[in-house]
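Each ligand, and each atom within it, is numbered from 1 in the order the structure gives. Predicted model, so just to flag it, every value in this text is computed and none were measured.
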Amino acid sequence: METMTAHRNPCTYVIFGATGNLSRIKLMPALYQLEAADQLSPGTRILALGRRPWNRRQCIDQMRDWITEKLKGTPDARVLDALSDRLDYFQGDLDDDGMYDRLRERLRGDSHYATNTVFYMAISPNGFSQVVDRLGSAGLLRETDGWCRVVIEKPFGYDLESARALQRAIGAHLREEQIYRIDHYLGKGTVQNVLVFRFANTMMEPLWNRNYIDHIQITHSETLGVGGRAQFYEGTGAMRDMIQSHLLQLLTLVAMEPPVSMEAEALRDEKVKVLKSIRPIPHDEVHAHAFRAQYGQGNIGNDPVVGYLQEEGVPADSATETYAALKLYVDNWRWRGVPFYLRTGKRMAAHHSLVSICFRHPPQQFFRGTQAERMRQNWILLGIQPCECLRVEITVKEPGLEMRTRQTSLDASLRTIGDSVTDAYEELLLDVIDGDRSLFLRYDEVEQAWRVIEPVLRSWAGGRDDISAYAAGSWGPAGSRRLFEKEEHRWRHSLDPEPENPPRSG
Ligand code: BG6
């Protein structure tokens with residue numbers, strides 16, 4: 001989590017899958033931001049590894065285009081030049097054993113490459129164990145002259161069993177301290193601010209429990225469809241892609257006990273405890289706890305878009321969910337009985353991530369017979385994106401002679417004008433160099449997260465009978481309301497104060 005510009009060790013960042021989507025939209029732009037912020041030490045080099053027959057010049061040109069695209073045309077030429085100087089290209093096929101020997105010769109035979117090495121797996125998840133195995137056999141994972149760290153993108157496994165198999169496979173070559181299982185949500189500003197908000201403000205702690213909190217919602221919605229990722233998405237679906245990782249991670253931060261310190265192991269111990277406390281979903285209760293759907297055709301803004309089954313590369317009888325919602329209970333002293341509603345969807349009405357904490361009604365109605373008779377509940381809203389903010393919604397009296405109330409919010413936003421804007425990956429890429437694993441997942445966290453959703457995955461593997469549909473550009477199917485414990489519960493879609501009588505849809 002900390003940065004140490006002046007003393008940071010030089011290292012070689014080898015990016016497997018450097019010509020792919022992740023590299024284009026996240027990694028290269030993040031490296032640009034690190035360069036701009038002068039966070040990369042002079043000897044640090046980036047070796048982009050891909051199958052395409054590029055030379056170094058082509059790779060640099062491509063990287064410059066990607067960054068220009070991401071920054072909407074305004075990169076700083078001086079920064080781009082500096083980043084280009086660090087960048088090399090290495091053409092190779094991951095299935096080719098000889099490639100790993102060539103890679104070793106390149107890294108060891110050229111003194112420009114620092115001996116501290118990061119291998120970043122920006123590749124298809126089914127290649128993780130094979131690439132680590134081959135790197136290991138080629139002797140590239142040995143820490144003889146410097147450290148060697150491997151960053152594994154999500155999903156870590158496809159289910160509990162495959163996660164175990166992957167762990168066994170990479171564990172044969174790597175110590176746990178060398179493995180950085182990334183969940184980029186942990187690098188997002190508000191996500192880290194959840195911890196500060198909770199544990200640096202004493203006024204929060206007495207309220208943060210079942211006595212005052214009615215329920216908690218965690219929403220991630222996006223307007224994008226699967227785009228060119230149908231092949232990846234078909235084997236994944238919303239539950240594995242978002243809930244097993246990002247949303248459950250958010251849940252752990254909201255629900256965890258104060259850790260003894262902010263040090264990696266202390267933090268991760270507490271997160272694991274939360275995951276272990278989640279009540280297992282019995283097989284015959286999946287219907288009451290989980291909901292899935294696929295988007296049909298609709299409009300995003302003014303543009304008509306096709307439904308999921310019409311997307312290129314998606315089979316016409318696909319049972320892959322593009323929307324998933326889950327109700328969970330954390331059975332511990334703090335949270336027993338408080339429902340946590342998680343939901344995510346592609347092609348929804350808006351792109352945002354939001355944690356909404358709904359407080360209980362006051363125990364007694366003081367304003368009977370006045371306009372303020374129907375008191376509203378308080379909410380704490382943690383906006384993760386696009387608006388990074390923290391709002392406390394409370395009820396106040398309207399000025400005037402009558403006793404009328406309205407909702408207002410105390411804004412404790414994370415950003416103020418002039419604060420730097422970074423994406424999650426910058427921080428995480430630096431943490432790998434600094435050896436700080438607090439924002440990366442320990443294996444037991446991953447395993448426990450698979451345990452949580454395993455009953456749902458098993459039940460959903462049975463066919464596509466229970467898949468609902470929703471129009472692209474909507475807030476998802478109204479049927480997801482069946483998960484709500486109380487009739488008055490409804491999805492909170494935005495940071496704006498709720499209308500007096502919100503619609504019951506989606
Ligand atoms: C990724 C998922 O992990 O997170 C994508 O694989 C999803 O499907 C993305 O779109 C969302 O991340 P962000 O940072 O854009 O909210």
Side-chain angles (χ1 to χ4, degrees), residues 17 20-30 33 66 69-70 120-128 151-158 180-194 218-251 253 292-295 300 305 308 311 313-314 318 320-324 342-355 382-389 421-429 439-441 445-446 449-450 453 472 476:
N21 201 39
L22 185 71
S23 178
R24 175 166 71 88
I25 60 175
K26 299 283 191 190
L27 302 182
M28 292 302 175
Q33 297 292 1
W66 288 342
E69 177 190 334
K70 176 83 180 224
Y120 197 113
M121 303 290 142
I123 56 173
S124 161
N126 53 26
F128 295 157
V151 183
I152 309 258
E153 267 290 336
K154 59 157 270 287
F156 192 92
Y158 178 78
Y180 287 70
R181 297 178 198 82
I182 205 163
D183 182 315
H184 77 276
Y185 265 59
L186 295 183
K188 292 190 190 268
T190 307
V191 176
Q192 293 171 40
N193 201 24
V194 172
I218 303 178
T219 293
H220 165 86
S221 61
E222 51 189 307
T223 49
L224 293 175
V226 284
R229 297 170 77 217
Q231 201 191 355
F232 161 77
Y233 203 75
E234 264 301 288
T236 310
M239 183 63 83
R240 288 186 175 89
D241 187 36
M242 291 299 302
I243 294 189
Q244 190 272 346
S245 48
H246 308 320
L247 270 56
L248 277 177
Q249 280 296 317
L250 287 176
L251 183 151
L253 298 180
R292 62 174 168 163
Q294 275 173 350
Y295 60 82
I300 297 293
V305 294
Y308 182 65
E311 296 276 12
V314 174
S318 165
T320 301
E321 76 286 353
T322 61
Y323 173 103
L342 279 51
R343 73 173 161 156
T344 182
K346 295 213 179 273
R347 284 283 191 236
M348 305 252 304
H351 181 99
H352 80 176
S353 302
L354 181 65
V355 178
L382 308 169
I384 291 159
Q385 59 189 25
C387 176
E388 283 187 30
C389 66
V421 181
T422 52
D423 187 19
Y425 274 86
E426 289 86 350
E427 164 125 25
L428 298 173
L429 293 178
L439 296 180
F440 294 82
L441 310 188
E445 285 183 75
V446 179
W450 281 120
I453 65 160

Are any of the side-chain heavy atoms of Phe156 and Leu441 separated by less than 4.5 Å? no

I'd like to check which ligand 1 atoms, numbered from 1 as shown, lie under 4.0 Å from a non-hydrogen atom of Glu222. 7 (C), 10 (O)

Would you say the side chain of Thr223 lies within less than 4.5 Å of the side chain of Met348, judging by non-hydrogen atoms? no

Going by the angle between their ring planes, with limits at 30° and 60°, are His351 and His220 parallel, tilted or perpendicular? perpendicular

Select the closest option to atom 15 (O) of ligand 1 among Lys26, His246, Arg229, judged by heavy-atom distance. Lys26

Glu153, Gln385, Lys188, Lys346: member with heavy atom nearest to atom 14 (O) of ligand 1: Lys188

Looking at ligand 1, is there an atom of it that comes within less than 4.0 Å of some heavy atom belonging to Arg240? no

Looking only at protein heavy atoms, identify the closest one to atom 12 (O) of ligand 1 and say how far it is in Å. His184 NE2, 3.2 Å

Tell me, please, whether Tyr323 has Arg343 positioned over its six-membered ring: NZ or CZ under 6.0 Å from the ring centre and within 45 degrees of its axis? no

For Tyr185, which part has a heavy atom under 4.0 Å from ligand 1: side chain, backbone, both, or neither? side chain

Going by distance only, is there an N or O of His351 that falls short of 3.5 Å from an N or O of ligand 1? no

Aromatic ring pairing Tyr120/Tyr425, orientation class (parallel under 30°, perpendicular over 60°, tilted between): tilted

Answer yes or no: is there a side-chain heavy-atom contact under 4.5 Å between Phe232 and Pro155? yes

Less than 4.5 Å apart, any side-chain heavy atom of Arg181 and any of Glu153? no

Distance filter under 4.0 Å to Asp241 heavy atoms, resulting ligand 1 atoms: 2 (C), 5 (C), 6 (O), 8 (O)

Taking only heavy atoms of Lys154, which atoms of ligand 1 are found under 4.0 Å from at least one of them? 1 (C), 2 (C), 3 (O), 6 (O)

